[in-house]
Amino acid sequence: MKKTSLKFFLILLIAVVNFCNSQTVTVKGIARDSLKINNFIGIVINDTIRRFRDRALEDEEFKRKNWDKYDKIVKKFSTSPDFPDGNYTINAKLTDTLYFHKLRYTTQKYKVADIIKNNIKVVLSPAPCIPYKKCDQKSPSKLYAFVGKKIDVTDVDQSKYCGLSLSREYKAEYKIEQELAERYPDAEIIFSAYDHNSMYEYDFRNYDVVLLFVGEYCGDLIKDFFFPVYKTANGRWATPIKMRDEHYYKNYKPTKIIFEKSLSFDVSDLPTEHIEYRFPKEYYKIENGKAYPIMGRYAEDLVKIWKDISEKK
């Protein structure tokens, strides 16, 4: 009888503990930034938001079915402390873990039960970082101008650097198709590129073949400028006229060029006034909903133009 009672008591105790642990409690605490700059700190239950985003990136089917739930998940599982006191309030279970994170700071995590029991006050410290390389060189030691075919362009993780950059950094690798300035010692070249929210047509990553200007600054190869280029019927490289930029080159007349027949731009969905502005008849032939370039500038001429304009700055 005693054994039965003891067994019943243990089962009841476990049930009570599990019930208590499963109950949602209101957690009140303090989370601050050690530098006291601001309190852009995210407090997330069980790192739910990051795990949701990671799965959405890896699983297209999951993203398609669940991405519309993202805002609700953020609202339900996260909060931020106020500034400057750092007070926060969030509802969670005793068995949950709170993650405290901030960009370029070291993440900290604590069990809800421990935060309540030990009255834990969170102070986030800056994560170890690498200082940006300083370079005051205005003109490149060497300038490589070449037609390059894209091999690979990848994002560089800038979170390892100290401070914030307004531009994204890329590592780019290209095969050199034709050299038009100083000779590069290899058939392939790797360089750094920086971009600040460029429109699609001004983002070099969106073209397979480009005329690139890459300068050597403080020992590093960095992209200066580019033109998208296409093969012509006579085997050369050239770029069609882009009316949005033509005012830069008004002193440099374009040339009549026969591009490969495959080069055309779809205008079937564009309003007439847009077609007339972007693809005027003196530079393009409009046929069957497509614009075929008939004028442009050869890569060799673009190098001379770009150098001329750069020297006048």
Side-chain angles (χ1 to χ4, degrees), residues 3-130 155-165 168:
K3 289 184 178 180
T4 303
S5 298
L6 179 59
K7 183 177 181 182
F8 175 77
F9 175 76
L10 290 174
I11 293 173
L12 181 61
L13 179 61
I14 291 171
V16 170
V17 170
N18 288 337
F19 176 78
C20 291
N21 286 337
S22 66
Q23 291 299 295
T24 298
V25 298
T26 298
V27 187
K28 294 184 178 181
I30 294 175
R32 294 194 186 105
D33 148 10
S34 66
L35 299 182
K36 299 180 181 180
I37 298 173
N38 54 52
N39 256 32
F40 295 154
I41 295 172
I43 304 171
V44 183
I45 299 172
N46 299 329
D47 208 18
T48 309
I49 297 171
R50 183 192 62 78
R51 291 192 290 111
F52 181 90
R53 284 199 304 257
D54 287 350
R55 183 170 178 188
L57 287 171
E58 296 171 358
D59 187 340
E60 283 295 329
E61 183 68 13
F62 175 84
K63 181 178 180 180
R64 185 180 64 80
K65 291 181 178 180
N66 297 285
W67 191 250
D68 59 345
K69 303 174 185 175
Y70 181 74
D71 289 341
K72 292 181 180 179
I73 290 173
V74 171
K75 186 176 181 180
K76 181 178 180 180
F77 291 99
S78 69
T79 189
S80 296
D82 61 20
F83 184 76
D85 298 326
N87 296 313
Y88 71 88
T89 302
I90 192 169
N91 294 323
K93 296 176 183 177
L94 290 173
T95 52
D96 285 335
T97 299
L98 296 189
Y99 285 72
F100 300 82
H101 61 85
K102 181 178 180 180
L103 183 64
R104 300 181 187 278
Y105 281 66
T106 301
T107 297
Q108 295 183 29
K109 61 180 182 178
Y110 300 95
K111 285 282 188 183
V112 168
D114 293 336
I115 293 174
I116 295 173
K117 179 181 177 181
N118 302 316
N119 192 27
I120 296 174
K121 294 179 176 61
V122 177
V123 180
L124 295 186
S125 300
C129 59
I130 302 171
D155 275 285
V156 173
D157 180 11
Q158 292 181 295
S159 65
K160 61 187 177 182
Y161 295 117
C162 304
L164 292 172
S165 172
R168 295 179 68 177

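Because the structure is predicted, anything quoted here is derived from the model rather than measured.
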Would you give me the side-chain donor-acceptor pairs under 3.5 Å for residues 97-106, sequence neighbours excluded?
from	atom 1	to	atom 2	distance (Å)
Lys102	NZ	Asp33	OD2	2.7
Lys102	NZ	Asn38	O	3.3
Lys102	NZ	Asn38	OD1	2.8
Arg104	NE	Gly163	O	3.0
Arg104	NH1	Gln158	O	3.0
Arg104	NH1	Ser159	O	3.4
Arg104	NH1	Tyr161	O	2.4
Arg104	NH1	Gly163	O	3.2
Arg104	NH2	Gln158	O	3.2
Arg104	NH2	Gly163	O	3.2
Tyr105	OH	Asp33	OD1	3.0
Tyr105	OH	Asp33	OD2	3.4

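In this structure, the salt bridge (Lys or Arg N to Asp or Glu O under 4.0 Å) partners of Asp155, at least two apart in sequence or on a different chain, are Arg168.
Within the structure, ring pair (Phe, Tyr, Trp, His ring centres under 6.0 Å) pairs that include any residue of residues 23-68 comprise Phe52-Phe62, Phe52-Trp67, Phe52-Tyr70, Trp67-Tyr70 (at least two apart or interchain). Pairs passing the salt bridge (charged side-chain N to carboxylate O under 4.0 Å, His left out) check and including a residue from residues 38-55, sequence neighbours excluded, read Asp47-Arg50, Arg50-Asp54. The stretch residues 110-120 participates, sequence neighbours left out, in these side chain to side chain donor-acceptor pair (under 3.5 Å) pairs: Gln108-Tyr110. Sorted by first and then second residue, the salt bridge (charged side-chain N to carboxylate O under 4.0 Å, His left out) pairs involving residues 56-68 (not counting sequence neighbours) are Glu61-Arg64, Glu61-Lys65.
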As a quick check of understanding, evaluate side-chain contact (heavy atoms from CB on, under 4.5 Å) for Thr95 and Val112, giving each step before the final call. CA-CA 6 Å; Thr95 52; Val112 168; over 6 Å; no
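Distance check, rounded to the nearest 0.5 Å: OG1 of Thr89 to CG of Asp82 gives 8.5 Å.
Looking only at side-chain heavy atoms (C-beta outward), Ile49 and Ser78 come within less than 4.5 Å of each other. Side-chain contact between Ile30 and Pro81 is absent, with no heavy atoms from C-beta onward closer than 4.5 Å.
Considering all non-hydrogen atoms of both residues, Pro126 and Ser34 come closest at CD-OG, 3.4 Å.
A donor-acceptor contact shorter than 3.5 Å is absent between the side chain of Thr26 and the backbone of Asn91.
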